[in-house]
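See below for the structure under consideration.
Protein chains get the first letters and strands the later ones, always in sequence-line order, with residue 1 at the start of each.
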Amino acid sequence: MSADLPISEPKSLHFIEEIVEADRASGKHGGRVLTRFPPEPNGYLHIGHAKSICLNFGVAKAYGGATNLRFDDTNPVKEDVEYVDSIREDVQWLGFQWKGEHYASDYFPFMYDYAEYLIQQGKAYVCDLTEAEIREYRGNFHTPGKASPTRDRSPQENLDLFRRMRAGEFPDGARVLRAKIDMASGNMNLRDPLMYRIRRAHHHRTGDAWCIYPMYDFAHGVSDALETITHSICTLEFEDHRPLYDWFLEQDVEGRFFQRPLPRQIEFARLNLTYTVMSKRRLLQLVQEGIVRGWDDPRMPTICGLRRRGYTPEAVRAFTERVGVAKRDMVADAGLLEYCIREDLERRAPRRMAVLRPLKVVITNLADGEGFDVEVPNHPEDTSLGTRRLQFTRELFIDQDDFREEAPKKWFRLAPGAEVRLRGACLMTCREVIKDAAGQVVELRCEWDPASRGGNAPDGRKVKGTLHWVSAPQSLKAEVRLYEALFTQEDPMDVPEGQDWKALLNPGSLEVLTEARLEPSLAQAVPGERFQFERTGYFTMDPDSCAGRPVFNRTVGLKDSWAKIEAKQ
RNA sequence: UGGGGAGUAGCCAAGUGGUAAGGCAGCAGGUUUUGAUCCUGCGUACCGAGGGUUCGAAUCCUUCCUCCCCAACCA
């Protein structure tokens, strides 16, 4: 018997799943798994965040756990509610529901208490050095730092000063609270890192209640521990912050503040994509300088950009899974993202016909009133998507790309004297080419074979080329936006000596076609709806559409093996 | 030069001492009323390099090389 049982390979685990499984096996957290996604509300989420979101929510879900959404809002001068709304929307769009929604700012009172506790334990002190002096005293990679003159203040004095910092007795920047660790550490993060700074700024949640704000390293671990996060997943650049993360939590020696066991920070390699940039700074620049139309410009790697481009959450999730999780710096091939959206849409997108660059065709042997209806399937494999009726008329449009006056080798589209099939309708032969004064082909006069209704000839002759078409009188005019990569170079950050990075922008990243013609059924489309325009690609209706003026974005083109054949010739 | 990481096919990535999974890309065929999809086949990966241990090493030891991160009152 044995032989015919399908042997399903157990999916290999990535290193974070291994850690979680080991912790569950040892009963470390009683089998509990609680992760968190901790964005700072100071920008829009991009596909790199999507990887982190899928990882955090994915790992938790896989082990019966949950994930909190926590806004890391400890720097009021950079943060804004505008961003928290978009972040919530994007996470939900990706298909995830968080357990708790928290804000680091909710924990300010708790953090303050813990800071006072550290001061009382002699683990933190108020430093009076200026910003420049602090930098200078910190030393560098070669030389150890020097102790701040106020490093050995008594806990009482520190407590008094810290309370007065909070009370607003000192101007911004006058003093900071520092952890007392090791000014000679090879790890710069441990050279008495700042815990609090004075900053009179309006906070999007706490308003003007505070004039001192905690720093990331102090706030993050405390927030994690408070929420009883089990695994705190972040990117590689925080690797050498981990000793500090642990230090802050371990100073709760009496266990008065945090539940044990404490959360563990785990770092993975962030996602990079070819032909685009991911840094907030660059993305912001693209928006502010009008190089793109906004954060949701379909060329942007932002979640909202991908959404407007027509990507599905399923495709984005599949992509993040295929790129994997490891600790090696990586750059994912943009082609893999395209593969993932094609894979998804191939299955589910209803087919339609649309002519991007119209070329008029007149069927000379069909009188004006002699048009007929044809029924065409909405999906070649999935009959559950049904069919629709199209009218075949004397005047049609086909795509300019589908006609060549001089047919190259292996060309099986239309050419003078050539016969092609019009999808779902009939066979047709080109008899005459009409040009304008400039020599441009403006119209084709063709004959259809009335015996080939539906698309096949009774004599069984083979016709290799099948073209999409629309009825001229029945079609809808539309605007179609074609997108390509934003940059011409795989790594846009690798700017050649003495050149501006903007020289690497792709001038053809957006092409707007204003004369496209759609089959009439598309009049019912609504923004966000996705289709395959047969033989050209996957498209989604853009929210810019208005009555009588539909606008479609090309999500991604179909694979084009003819382009390859021709390129090789 | 101090500290922390990482090096397996063009891009990702399994592998955890027993003789290199898988995906994308690429190439070659087949099917096809989308040159799409689908199906089939195709890669000597000198496992960063050199030494060593072992019957046996991508996996252990050792030396070296390369790349990334860290010296914000950013996260």
Can you list every stem that RNA chain B is part of, counting only runs of 3 or more consecutive Watson-Crick or G-U wobble pairs with both distances under 3.5 Å? B:2-7 with B:65-70, B:10-12 with B:22-24, B:26-30 with B:38-42, B:48-52 with B:60-64
Mind checking if A/Glu267 touches a base, just sugar-phosphate, or nothing, with heavy atoms under 4.0 Å? nothing
With sequence neighbours left out, the residues meeting salt bridge (charged side-chain N to carboxylate O under 4.0 Å, His left out) with A/Glu40 are none
Contact class for A/Val376 vs. all strands (heavy atom < 4.0 Å): base, sugar-phosphate, or nothing? nothing
A/His49 meets the ring pair (Phe, Tyr, Trp, His ring centres under 6.0 Å) criterion, sequence neighbours left out, with A/His46
Please enumerate all residues that pass salt bridge (charged side-chain N to carboxylate O under 4.0 Å, His left out) together with A/Asp128, with sequence neighbours excluded. A/Arg153, A/Arg175
Applying a 4.0 Å non-hydrogen cut-off, can you work out what A/Lys462 is touching in the nucleic acid: base, sugar-phosphate, or nothing? nothing
What residue pairs, at least two apart or across chains, pass salt bridge (Lys or Arg N to Asp or Glu O under 4.0 Å) with a residue in residues 558-569 of chain A? A/Arg404-A/Glu566
For A/Asp192, salt bridge (charged side-chain N to carboxylate O under 4.0 Å, His left out) partners two or more places apart: A/Arg151
Determine the interatomic distance between C1' on B/C67 and the same-named atom on B/A49; round to the nearest Å. 15 Å
For every nucleotide of nucleotides 68-75 of chain B, 5' to 3': is a protein heavy atom under 4.0 Å from its base (B), only from its sugar-phosphate (S), or from neither (-)? SBBBSBSB
Could you work out the separation of B/G7 and B/A14 based on their P atoms and round it to a whole Å? 9 Å
At under 4.0 Å between heavy atoms, what does A/Tyr213 touch on the DNA or RNA strands: base, sugar-phosphate, or nothing? nothing
Over all strands shown, is A/Glu18 touching base, sugar-phosphate only, or nothing at heavy-atom distances under 4.0 angstrom? base
Which residue pairs pass the salt bridge (Lys or Arg N to Asp or Glu O under 4.0 Å) test when at least one of the two sits in residues 265-275 of chain A, sequence neighbours left out? A/Glu237-A/Arg270, A/Arg242-A/Glu267, A/Glu267-A/Lys327
If the threshold is 4.0 Å, N to carboxylate O, is there a salt bridge linking A/Asp402 and A/Arg535? yes
A/Asp459: what forms a side-chain hydrogen bond (donor to acceptor under 3.5 Å, both in side chains) with it, not counting sequence neighbours? A/Arg461
Pick the P atom in B/G23 and in B/C64, then give their distance to the nearest Å. 40 Å
Which nucleotide, B/U37, B/C24, B/C27, lies nearest any side-chain atom of A/Lys564? B/C27
